[in-house]
Amino acid sequence: EVQLQASGGGLVQAGGSLRLSCAASRFTFDDNAIGWFRQAPGKEREGVSCISSSDGSTSYADSVKGRFTSSIDNAKNTVYLQMNSLKPEDAAVYYCAAAWGPCTDDSWSTEDDYDYWGQGTLVTVSS
């Protein structure tokens, strides 16, 4: 069974940084899209970023462009989300997910397109 393990969440002050990790086990990234989603209390889950394991190409939500960077270490089967200049509105539970095929503009942020999900990791941003 494929497992994705998200970690790295915590409490940070506004303007600070965190790096989230998504480690895959019983699964080797091949031609996959690895997405990050987040869900704040009372809000729907939203797509944050996507990275294609085949070529490292990325997509980001407008709200995080220029502040968040997703990267991949295929040797470690791990995807990272570097989050800089964090804002209180970035506070949420962050989830990683994997899908077959690369990230595409019209589907990377669609939850239903992902086949595997990790448990969430909580990011809290104090103002």
Side-chain angles (χ1 to χ4, degrees):
E1 180 183 352
V2 172
Q3 292 184 343
L4 300 175
Q5 180 76 34
S7 62
L11 172 63
V12 64
Q13 287 189 330
S17 299
L18 280 175
R19 188 178 79 158
L20 306 184
S21 299
C22 176
S25 59
R26 303 176 187 174
F27 180 71
T28 300
F29 293 144
D30 186 5
D31 181 18
N32 297 104
I34 298 88
W36 286 98
F37 290 77
R38 67 186 181 187
Q39 187 168 23
K43 295 187 177 182
E44 293 186 354
R45 190 153 55 182
E46 62 175 352
V48 175
S49 70
C50 186
I51 185 166
S52 296
S53 64
S54 57
D55 63 3
S57 59
T58 54
S59 299
Y60 298 96
D62 288 343
S63 59
V64 306
K65 279 181 182 176
R67 300 187 298 121
F68 290 12
T69 303
S70 186
S71 60
I72 188 167
D73 186 333
N74 281 304
K76 295 183 178 180
N77 258 3
T78 300
V79 167
Y80 304 96
L81 184 67
Q82 178 67 43
M83 305 187 297
N84 298 328
S85 303
L86 282 161
K87 304 176 181 180
E89 53 263 41
D90 294 319
V93 177
Y94 282 71
Y95 301 87
C96 62
W100 295 104
C103 306
T104 60
D105 289 342
D106 61 350
S107 69
W108 74 263
S109 60
T110 304
E111 294 181 53
D112 290 345
D113 282 2
Y114 288 81
D115 303 287
Y116 310 105
W117 288 83
Q119 91 299 350
T121 185
L122 178 64
V123 172
T124 304
V125 183
S126 63
S127 57

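Computed from heavy atoms alone, side chains included, the values below leave out hydrogens, waters and symmetry copies.
- Partners of D90 according to the salt bridge (Lys or Arg N to Asp or Glu O under 4.0 Å) rule, which considers only residues two or more places apart in sequence or in another chain, are R38, R67.
- I51 and F37 fall into different hydrophobic clusters, where Ile, Leu, Val, Met, Phe, Trp and Tyr side chains are chained together by heavy-atom contacts under 4.5 Å.
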Can you check side-chain contact (heavy atoms from CB on, under 4.5 Å) on S53 and N74, steps first, answer last? CA-CA 7 Å; S53 64; N74 281 304; 4.0 Å; yes
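- Across every non-hydrogen atom of G47 and S109, the tightest pair is CA-CB, 4.2 Å.
- V48 is not connected to V93 by any chain of hydrophobic side-chain contacts under 4.5 Å among Ile, Leu, Val, Met, Phe, Trp and Tyr, and they are in different clusters.
- Between F68 and L86 the shortest side-chain heavy-atom distance falls below 4.5 Å.
- Put simply, the side chain of L4 does not reach to within 4.5 Å of the side chain of I34, judged on heavy atoms.
- The distance from atom OG1 of T121 to atom CH2 of W36, rounded to the nearest 0.5 Å, is 7.5 Å.
- In plain terms, the two heavy atoms of R26 and Q3 that are nearest each other are NH1-NE2, 4.0 Å.
- Between S107 and Y114, the closest heavy-atom pair is O-CE1, 4.4 Å.
- Once rounded to the nearest 0.5 Å, the distance linking CD of E89 with NZ of K43 reads 8.0 Å.
- Between the N77 side chain and the F29 main chain, a donor and an acceptor come within less than 3.5 Å of each other.
- Interatomic distance, CG of D113 versus SG of C50, reported as 10.0 Å (0.5 Å rounding).
- Annotation: side chain of S49 is in contact with side chain of L81 (closest heavy-atom distance under 4.5 Å).
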Verify side-chain contact (heavy atoms from CB on, under 4.5 Å) between D105 and S59, making sure each step is shown before the conclusion. CA-CA 8 Å; D105 289 342; S59 299; 4.1 Å; yes
One pair to check against side-chain contact (heavy atoms from CB on, under 4.5 Å): S70 and V79. What are the steps and the verdict? CA-CA 7 Å; S70 186; V79 167; 3.7 Å; yes
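- Q13 and V125 make their closest contact through C-CG1, 4.1 Å (heavy atoms, listed as atom of the first residue, atom of the second, distance).
- Distance check, rounded to the nearest 0.5 Å: CD of Q82 to OG1 of T69 gives 7.0 Å.
- A pairwise comparison of heavy atoms in A14 and P88 identifies CB-CD, 4.1 Å as the closest pair.
- Between the OG1 atom in T78 and the CD atom in Q5 there is a gap of 10.5 Å [rounded to 0.5 Å].
- Using bins of under 30°, 30° to 60° and over 60° for the plane-to-plane angle, the ring pair F27/Y116 lands in the tilted bin.
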Step by step, would you call N32 with W100 a side-chain contact (heavy atoms from CB on, under 4.5 Å)? CA-CA 5 Å; N32 297 104; W100 295 104; 3.1 Å; yes
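- Shortest non-hydrogen contact noted between Q119 and Y95 is C-CD2, 3.9 Å.
- In summary, the side chains of D112 and T110 do not present any donor paired with an acceptor at a separation below 3.5 Å, with no hydrogens or angles considered.
- Both L20 and V12 belong to a single network of hydrophobic side chains, linked directly or stepwise wherever heavy atoms of I, L, V, M, F, W or Y lie under 4.5 Å apart.
- Taken from CD in E46 to CD in Q39, the straight-line distance is 9.5 Å, to the nearest 0.5 Å.
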